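Down below is the structure, laid out as structure tokens.
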Amino acid sequence: MSTRKIVANTLYYGVVPKLTMLLSIVILPLTTPFLSTFDYGIYGVVSSYTSLLIPIASLGLNVHLTNSYYEYPRHYHLVWGRILGLLLFSSLLFGILNMAVLSYTLPMAFSWKLLSLCALASMTIFLLANGLLAQHLFPLLELPKHLVFTNLAGSVLGILTSFVLIYYFHKGYWGLVSSGAVSSIFCFTVFVKFVWVDYNIWPIIDRNLRRVKRMLKIALPLVPHTLGFVLLTSSARIVMSQCNISYDEIGLFTHGSTMGDYGVILTTALVTALIPQMQRAYRNADFKTYRKLYYLCQAVALAASFSICVWMPEIYSLLIRNDQLAQSSDIARLLCFANVVQAFYLFISTPVFIHKNTLHLLWLVFVPGVLNFTLCYALIPFFGYRAAIFSTIVSYWSQLLIPFVVSYYKHSVREWLGSRKILVGVLVVIIADLVLANIAMQAALLGKILLTMLIMGTLWIFYRHEELNKVV
């Protein structure tokens with residue numbers, strides 16, 4: 001794949017889907033006057049519990065999607081059909097379970113109104129199957145348009161629904177929750193055509209129980225691994241809801257973490273575009289190329305997080321027309337660095353997926369997730385919701401230490417990265433990046449412009465010096 005196509009696919013996976021984020025940003029000054037920290041608190045708790053059950057509902061079956069595509073290139077659609085059938089059944093069960101959990105947790109009396117809210121919030125679980133297949137299928141085919149434009153249309157429809165409910169009808173958290181539900185319904189329906197019909201991937205009820213057991217034996221260890229992501233991103237809000245932290249403070253943390261998540265958009269898009277190159281490089285034992293691809297993604301993550309942190313005051317002053325929500329700015333500028341190690345996770349986990357050593361995945365995310373959950377439970381009752389900021393950052397960054405304590409990853413990282421000492425250097429750079437960005441955040445406007453240009457120029461020089469254009 002040429003550099004031009006990599007850039008094009010990165011734009012498809014990163015920029016095009018985030019046009020909806022741009023739309024969300026544009027309407028923030030219009031909607032935030034009609035939202036409260038309580039609304040964001042309800043939304044944060046609802047999304048956290050829903051996110052907790054999504055990886056469980058998937059049963060880890062997505063591990064078979066990429067592997068079967070390469071292992072059975074002519075008949076992969078049969079394997080995918082069996083996976084689709086299992087996903088449709090499990091998503092129904094876990095969607096109902098999520099409704100029950102939310103109806104018990106939310107601070108509202110039991111009523112049809114509460115059940116309606118819980119059903120709306122659970123729609124992303126009920127309808128997860130088609131989207132999960134599409135997220136794997138189209139990047140593998142190097143055909144991003146069906147995926148990104150369907151998700152774009154669904155997201156726009158969800159955002160517009162949310163805007164109408166909040167701005168015109170003043171429905172608060174109902175508007176926030178409705179966005180994901182409307183988007184899920186739209187995307188599920190469209191992917192019936194693009195996935196089921198166009199690629200002959202229809203739901204198959206697999207009556208061969210031995211085969212199902214074999215699939216689940218490999219897949220289920222992925223559940224706690226994926227659950228680890230939820231513990232990393234959402235456990236703080238779950239703990240807060242159980243520790244009687246006010247929904248206003250939960251709302252501040254939710255809003256700040258949402259704004260901070262913008263820091264990983266470009267990295268996610270780039271890695272998604274590079275999936276075919278990553279797969280081919282590792283499968284062909286071309287570790288030099290694999291290592292250079294990691295350098296590229298990690299450098300982009302560092303540059304993006306730094307730039308967003310530096311400009312966070314301007315972002316808030318431009319977009320957030322609500323004094324309550326504006327208080328989350330300091331949360332956002334710190335949490336945009338939390339997932340700066342995402343590139344390392346993606347590159348260290350790819351060999352595990354290829355070799356189907358799924359039990360080893362527990363170390364990468366589940367253990368850091370449990371660490372975050374434990375730190376939150378230990379610190380939040382004493383130091384309040386702000387303790388979750390630092391527990392989240394520490395838990396994410398702990399992923400860099402895994403190769404120093406787990407023998408499997410010692411060998412794996414030494415194989416493709418060359419030396420574990422490089423990870424120490426990465427951690428030092430991340431810490432310096434965070435400190436310098438928070439200092440530079442106080443600079444004048446012209447200084448920030450020049451600094452951003454310097455960061456982009458440095459990234460370009462690094463790209464050319466390491467001859468990264470030859471590996472993409």
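Computed from a predicted model, the values in this text were never measured in an experiment.
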(message) Parallel, tilted or perpendicular: which one describes the rings of Y377 and F373, with boundaries at 30° and 60°?
(response) perpendicular

(request) Could you pull out the closest heavy-atom pair between F253 and I389, with the gap in Å? (result) CE1-N, 3.9 Å

(message) As an exercise, state the distance from CG of L132 to CD1 of I54, rounded to the nearest 0.5 Å.
(response) 10.5 Å

(request) Could you tell me the separation between the OH atom of Y409 and the CD1 atom of I402, rounded to the nearest 0.5 Å? (result) 8.0 Å

(message) Between W363 and I348, is there a side-chain heavy-atom distance shorter than 4.5 Å?
(response) no

(message) With a 4.5 Å cut-off on side-chain heavy atoms, are C297 and L346 touching?
(response) no

(request) Report the distance from atom CE of M108 to atom SG of C118, rounding to the nearest 0.5 Å. (result) 8.0 Å

(request) Taking all non-hydrogen atoms of both residues into account, name the closest pair between I159 and S179 and its distance. (result) N-OG, 3.7 Å

(request) Decide yes or no on side-chain contact (heavy atoms from CB on, under 4.5 Å) for L176 and V46, but give the supporting numbers first. (result) CA-CA 10 Å; L176 294 173; V46 163; over 6 Å; no

(message) Suppose we screen for ring pair (Phe, Tyr, Trp, His ring centres under 6.0 Å). Which residues come up paired with F347, at least two apart in sequence or across chains?
(response) Y290, Y294

(request) Search all heavy atoms of F94 against all heavy atoms of L53 and return the closest pair with its distance. (result) O-CD1, 3.8 Å

(request) State, to 0.1 Å, how close L445 and W311 come at their nearest heavy-atom pair, and which atoms those are. (result) CD1-CZ3, 3.4 Å

(message) Would F163 and Y168 count as a side-chain contact (heavy atoms from CB on, under 4.5 Å) here? Give the steps.
(response) CA-CA 8 Å; F163 172 74; Y168 289 103; 3.8 Å; yes

(message) For a quick test of reading the model, state the closest non-hydrogen atom pair linking I393 to A338 and the distance between them.
(response) CG1-CB, 4.1 Å

(request) Kindly write out the residues that satisfy side chain to side chain donor-acceptor pair (under 3.5 Å) with T161, not counting sequence neighbours, or none if the list is empty. (result) none

(request) Would you indicate whether the side-chain heavy atoms of L434 and I430 approach each other to under 4.5 Å? (result) no

(message) So, using side-chain contact (heavy atoms from CB on, under 4.5 Å) as the criterion, who are the partners of E249 when residues are at least two apart?
(response) I245, S246, Y385

(message) Tell me if the CH2 atom of W397 is crowded by more than 12 foreign heavy atoms within 6.0 Å.
(response) yes

(request) Classify the angle between the aromatic ring planes of Y408 and H360 as parallel (below 30°), tilted (30 to 60°) or perpendicular (above 60°). (result) parallel

(request) Report yes if some heavy atom in the side chain of T31 is under 4.5 Å from a heavy atom in the side chain of F34; otherwise report no. (result) no

(request) Go through the structure and list residues passing ring pair (Phe, Tyr, Trp, His ring centres under 6.0 Å) with Y40, not counting sequence neighbours. (result) H255

(message) Among residues at least two apart in sequence or on other chains, which ones pass side chain to side chain donor-acceptor pair (under 3.5 Å) with N438?
(response) R333

(request) Could you tell me whether the side chain of W196 reaches within less than 4.5 Å of the side chain of L84, counting heavy atoms only? (result) yes

(message) What's the separation between atom OG in S184 and atom CG in N130, rounded to the nearest 0.5 Å?
(response) 11.0 Å

(message) Using the ring pair (Phe, Tyr, Trp, His ring centres under 6.0 Å) criterion, which residues pair with H146? Sequence neighbours excluded.
(response) F138, F194

(request) Specify the closest pair of heavy atoms between A303 and M456, including all atoms of both residues, with the distance to one decimal. (result) CB-CE, 4.1 Å

(message) Return the CG to CG distance between L65 and L140, rounded to the nearest 0.5 Å.
(response) 8.5 Å

(message) Return the OG to CG distance between S91 and L86, rounded to the nearest 0.5 Å.
(response) 10.5 Å

(message) Less than 4.5 Å apart, side chain to side chain, heavy atoms only: is that true for Y345 and N339?
(response) no

(message) So, using ring pair (Phe, Tyr, Trp, His ring centres under 6.0 Å) as the criterion, who are the partners of F186 when residues are at least two apart?
(response) none

(message) Out of the candidates L92, N98, L93, only one should pair with F126 under the side-chain contact (heavy atoms from CB on, under 4.5 Å) rule; please name it.
(response) L92

(request) Could I get the full list of side chain to side chain donor-acceptor pair (under 3.5 Å) partners for W174, not counting sequence neighbours? (result) none

(request) Return the set of residues passing side chain to side chain donor-acceptor pair (under 3.5 Å) with S36 (not counting sequence neighbours), or none when no residue passes. (result) D39

(message) Using the rule given for side-chain contact (heavy atoms from CB on, under 4.5 Å), can you reason through K113 versus L117, listing the C-alpha separation, both sets of side-chain angles and the distance that settles it, and then say yes or no?
(response) CA-CA 6 Å; K113 181 179 178 180; L117 179 64; over 6 Å; no

(request) Please examine the side chains of V340 and D433, heavy atoms only from C-beta on, and report whether any two atoms are closer than 4.5 Å. (result) no

(message) Restricting to salt bridge (Lys or Arg N to Asp or Glu O under 4.0 Å), what partner residues turn up for R386, sequence neighbours left out?
(response) D330

(message) Out of the candidates N372, T392, T374, only one should pair with S235 under the side chain to side chain donor-acceptor pair (under 3.5 Å) rule; please name it.
(response) N372

Pair up each side-chain donor or acceptor in residues 55-64 with any protein partner under 3.5 Å, not counting sequence neighbours, and list the distances.
residue	atom	partner	partner atom	Å
S58	OG	P55	O	2.8
S58	OG	G60	N	3.4
H64	NE2	M215	O	2.8

(request) Using side-chain contact (heavy atoms from CB on, under 4.5 Å) as the criterion, list what pairs up with S47, not counting sequence neighbours. (result) R237

(request) Compare all side-chain heavy atoms of L106 with those of Y173 and state whether any distance is below 4.5 angstrom. (result) no

